[in-house]
2 protein chains.
Amino acid sequence: MANKQASITTIATHLGLAVSTVSRALSDHANIREDTKERVRQMAIKLNYQPNHLAAGLRKGHSGILGVVVPHISGYFFPTVMHGIEKMASKAGFHVMLCQSNEDVKQERANLKMLMNAQVEGILISMSSTTHDYQHFEKVQNKGIPLVFFDRMPDLPTTNAVVLDDHQGAFGVVKHLVEQGCKRIAFFSGPQHLNINKNRFEGYVDALESFGLLLDPELVFQLPNLSKAAGAEGMNQFLQLDSPPDAVFSSYDMPAVGALEVLQERNIRVPQDIALSGFSNEPFTTLISPRLTSVEQRGELMGEAAVRLFLQMHKRTDNYSPQRIMLKPQIEVRGSSLRNLL
Amino acid sequence: MANKQASITTIATHLGLAVSTVSRALSDHANIREDTKERVRQMAIKLNYQPNHLAAGLRKGHSGILGVVVPHISGYFFPTVMHGIEKMASKAGFHVMLCQSNEDVKQERANLKMLMNAQVEGILISMSSTTHDYQHFEKVQNKGIPLVFFDRMPDLPTTNAVVLDDHQGAFGVVKHLVEQGCKRIAFFSGPQHLNINKNRFEGYVDALESFGLLLDPELVFQLPNLSKAAGAEGMNQFLQLDSPPDAVFSSYDMPAVGALEVLQERNIRVPQDIALSGFSNEPFTTLISPRLTSVEQRGELMGEAAVRLFLQMHKRTDNYSPQRIMLKPQIEVRGSSLRNLL
DNA sequence: TTGAAAGCGCTAACAT
DNA sequence: ATGTTAGCGCTTTCAA
């Protein structure tokens with residue numbers, strides 16, 4: 001029962017007007033008589049006219065589309081960021097085109113290419129974890145398409161990005177643990193080539209130094225992945241040490257749960273014997289017992305800020321000095337690390 | 001440093017060929033000499049040519065874009081579905097354009113309009129909870145644009161949809177609870193105008209009847225929202241009854257956690273005194289203690305199936321008889337409801 | 001205030 | 001095997 005698509009031309013013919021007049025009437029151009037506008041609007045409704053963005057975009061030279069590439073649409077963090085992006089973008093009149101790289105550089109490259117073909121006016125991207133060279137990013141920038149990274153970014157002088165201050169987040173957690181009387185603070189670390197993990201680790205190291213604690217390599221566990229099992233493995237390893245830690249700070253929440261389960265099985269008290277903290281503030285942190293101390297990543301804010309940065313770059317096409325926006329993390333102290341309950 | 005966009009015309013001029021030849025060469029048309037193709041390809045690379053999808057779409061009369069509308073990009077379920085959608089759509093060569101309605105009909109209408117303007121070739125949508133009239137859906141269908149609902153759908157004869165068999169899921173949970181020896185099974189119900197909640201409730205009711213249990217209205221609590229607090233409220237209400245339930249089945253996971261916390265505070269044992277089940281199988285169900293029995297919703301599968309259904313409809317533009325795909329739920333039995341541990 | 005006409009980049013008849 | 005040409009639906013000079 002498909003109606004034939006009504007176009008501006010259709011309206012024009014029906015009304016005995018020129019297409020240009022109709023076009024202007026529809027975009028509320030000043031030099032069109034009000035009654036003409038009204039007639040056009042009525043006819044548009046009558047014919048169920050829908051503007052064709054493709055045609056308008058082609059003619060005007062911009063598509064009104066904003067491209068987004070995430071490593072994956074799952075878990076808690078990325079959807080939250082996307083929520084912020086979509087909200088802000090649609091408010092600014094942009095359509096969001098979404099891709100996932102599945103943590104694979106090849107797909108990431110394909111995604112960027114495809115988005116450029118779709119004539120997006122900008123791309124917001126969080127790098128895949130397998131991305132080590134950045135030529136595909138340069139290609140985008142060379143085309144003059146604003147490229148904004150969020151959360152995961154390459155460390156280049158040309159990088160525009162919105163990131164969490166992971167260093168400060170990690171530093172703050174360690175500070176808190178020290179205040180709770182912890183002296184041997186262990187660390188679960190993620191893959192170091194991602195800026196976020198590097199910064200979390202450095203925040204941990206710097207905090208130890210600041211508070212006069214030694215960095216013991218035995219107390220740093222490289223997570224093979226970000227699962228509960230990985231955390232359990234790390235925890236078991238720590239417990240075999242001659243002098244086990246009195247706190248474990250995990251770069252991610254899920255491994256912290258793995259650690260917690262190991263501790264509960266062995267009847268080691270949390271936080272009294274070993275305090276625990278994660279990072280990301282996933283919703284489940286408040287559902288487990290004890291509740292898990294963690295660092296809020298401000299995903300929605302991050303998404304909004306990324307769009308805002310894009311909008312800035314979009315305005316000034318002249319040479320624009322790269323900008324990095326650092327969001328302040330917020331440490332959510334909960335039962336897993338809070339010893340002084342009074 | 002923005003390169004001037006190279007077009008097919010640019011390539012043609014550089015090579016002294018006609019645009020049509022270049023166009024054909026690039027799409028690997030049979031009637032073009034191999035060496036010509038090669039020259040064109042080389043020049044395309046040299047000039048850093050990127051095809052313009054807008055132009056191609058306009059000319060060919062289809063955009064290669066698939067529109068998706070979700071109530072919100074947050075929580076666990078919708079991102080999971082989107083993951084499946086994006087995966088499948090990109091495999092089929094479609095770009096995904098994403099909107100959220102924020103559970104607001106007005107925004108939902110605006111989203112559909114916008115997607116139609118963007119000339120999407122189909123729309124996958126999960127209805128907002130405030131949608132009660134369906135005219136905007138009919139508009140889409142009248143334009144001949146395939147419209148596929150997932151999870152939340154209007155009950156119309158024209159509805160194409162992929163949904164979970166919520167009735168069967170709920171029935172199965174009650175059956176399991178009965179098998180665990182529960183006799184007074186209470187229910188947390190969601191807003192009844194959404195098909196999913198209606199079906200879950202009916203599954204509960206039908207199961208009670210099947211197993212010879214009476215439906216006691218006192219044991220049905222209408223959730224004011226889907227929060228932990230709502231579940232706690234319902235649980236407290238049940239506990240004040242003269243004869244409280246020995247099982248609570250919540251239409252959603254989060255309220256079940258609220259109920260669990262109330263029970264733990266009062267030292268009521270789960271599952272021995274009161275068994276508990278949720279619905280949705282959110283990741284946190286395996287992180288809390290006891291682990292929460294729940295119903296897996298197959299989000300990724302649902303997304304994939306929705307795209308597949310769209311692809312079917314897309315092929316046959318002739319009159320297509322509406323199809324509804326029912327995904328089989330899977331009941332994940334866990335500690336919160338498992339009494340016979342041997 | 002309105003109209004005529006060109007053209008965005010591409011594809012697809014229809015030539016040759 | 002390649003070229004010529006028209007046109008997708010829209011915006012925007014330029015002209016009236």
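Excluded from the calculations below are hydrogen atoms, water molecules and symmetry mates; all remaining heavy atoms, backbone and side chain alike, are included. Numbered from 1 within each chain, the chains take letters A, B, ... in sequence-line order. Predicted model, so just to flag it, every value in this text is computed and none were measured.
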Tell me which donor-acceptor pairs under 3.5 Å the side chains of residues 155-163 of chain A have, and how far apart each pair is, sequence neighbours excluded?
| unit_1 | atom_1 | unit_2 | atom_2 | d |
| --- | --- | --- | --- | --- |
| Asp155(A) | OD1 | Arg324(A) | NH1 | 3.3 |
| Thr159(A) | OG1 | Pro154(A) | O | 3.0 |
| Thr159(A) | OG1 | Leu156(A) | N | 3.4 |
| Thr159(A) | OG1 | Leu156(A) | O | 3.2 |
| Asn160(A) | OD1 | Gln323(A) | N | 2.9 |

Name each donor-acceptor pair under 3.5 Å that joins a side chain in residues 104-111 of chain A to protein atoms two or more places apart or in another chain, with its distance.
| unit_1 | atom_1 | unit_2 | atom_2 | d |
| --- | --- | --- | --- | --- |
| Asp104(A) | OD1 | Lys106(A) | N | 3.0 |
| Gln107(A) | OE1 | Asn102(A) | ND2 | 3.0 |
| Glu108(A) | OE1 | Thr131(A) | OG1 | 2.8 |
| Glu108(A) | OE1 | His136(A) | NE2 | 2.9 |
| Glu108(A) | OE2 | Ser128(A) | N | 2.7 |
| Glu108(A) | OE2 | Thr131(A) | OG1 | 3.4 |
| Arg109(A) | NH2 | Asp133(A) | OD1 | 3.4 |
| Asn111(A) | ND2 | Gln100(A) | O | 3.2 |
| Asn111(A) | ND2 | Gln107(A) | O | 3.1 |

Donor-acceptor pairs under 3.5 angstrom involving side-chain atoms of residues 13-26 of chain A: please list them, not counting sequence neighbours.
| unit_1 | atom_1 | unit_2 | atom_2 | d |
| --- | --- | --- | --- | --- |
| Thr13(A) | OG1 | Thr9(A) | O | 2.5 |
| Ser20(A) | OG | Arg24(A) | NH2 | 3.4 |

List, one per line, each side-chain donor-acceptor pair under 3.5 Å for residues 60-72 of chain B, sequence neighbours excluded.
| unit_1 | atom_1 | unit_2 | atom_2 | d |
| --- | --- | --- | --- | --- |
| Ser63(B) | OG | Ile65(B) | N | 3.1 |
| Ser63(B) | OG | Gln119(B) | O | 2.5 |
| His72(B) | ND1 | Ser74(B) | OG | 3.3 |

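Few gaps surround NZ on Lys37(B); more than 12 heavy atoms of other groups in view lie less than 6.0 Å from it. In this structure, Glu34(A) places its CD atom where more than 12 heavy-atom neighbours from other residues, nucleotides or ligands lie under 6.0 Å away.
Under the salt bridge (charged side-chain N to carboxylate O under 4.0 Å, His left out) criterion, Lys87(A) pairs with Glu300(A), Glu304(A), sequence neighbours left out. Partners of Phe94(B) under the ring pair (Phe, Tyr, Trp, His ring centres under 6.0 Å) rule, at least two apart in sequence or in another chain, are Phe310(B), His314(B). Scored by the side chain to side chain contact (heavy atoms under 4.5 Å, CB included) test, Arg33(A) finds Asp35(A), Thr36(A) as partners (sequence neighbours excluded). Residues satisfying the side chain to side chain contact (heavy atoms under 4.5 Å, CB included) test with Tyr76(A), not counting sequence neighbours, are Thr80(A), Glu282(A), Pro283(A).
Not one N or O on the side chain of Lys139(B) forms a donor-acceptor pair closer than 3.5 Å with the backbone of Tyr134(B). The backbone N or O of Glu103(A) lies less than 3.5 Å from a partner atom in the side chain of Thr130(A), making a donor-acceptor pair.
Only Pro51(A), Asn52(A), Ala55(A), Ala56(A), Arg59(A), Lys60(A), listed by number, bring a heavy atom of residues 50-65 of chain A to less than 4.0 angstrom from any atom of DNA chain D. Listed by residue number, the members of residues 17-34 of chain B with any heavy atom below 4.0 angstrom from DNA chain C are Ser20(B), Ser23(B), Arg24(B). Near DNA chain D, meaning a heavy atom under 4.0 Å from it, residues 110-121 of chain A has no residue at all.
Scanning DNA chain D 5' to 3' for nucleotides with an atom closer than 4.0 angstrom to a non-hydrogen atom of chain B gives a first and last hit of dA1(D) to dG9(D).
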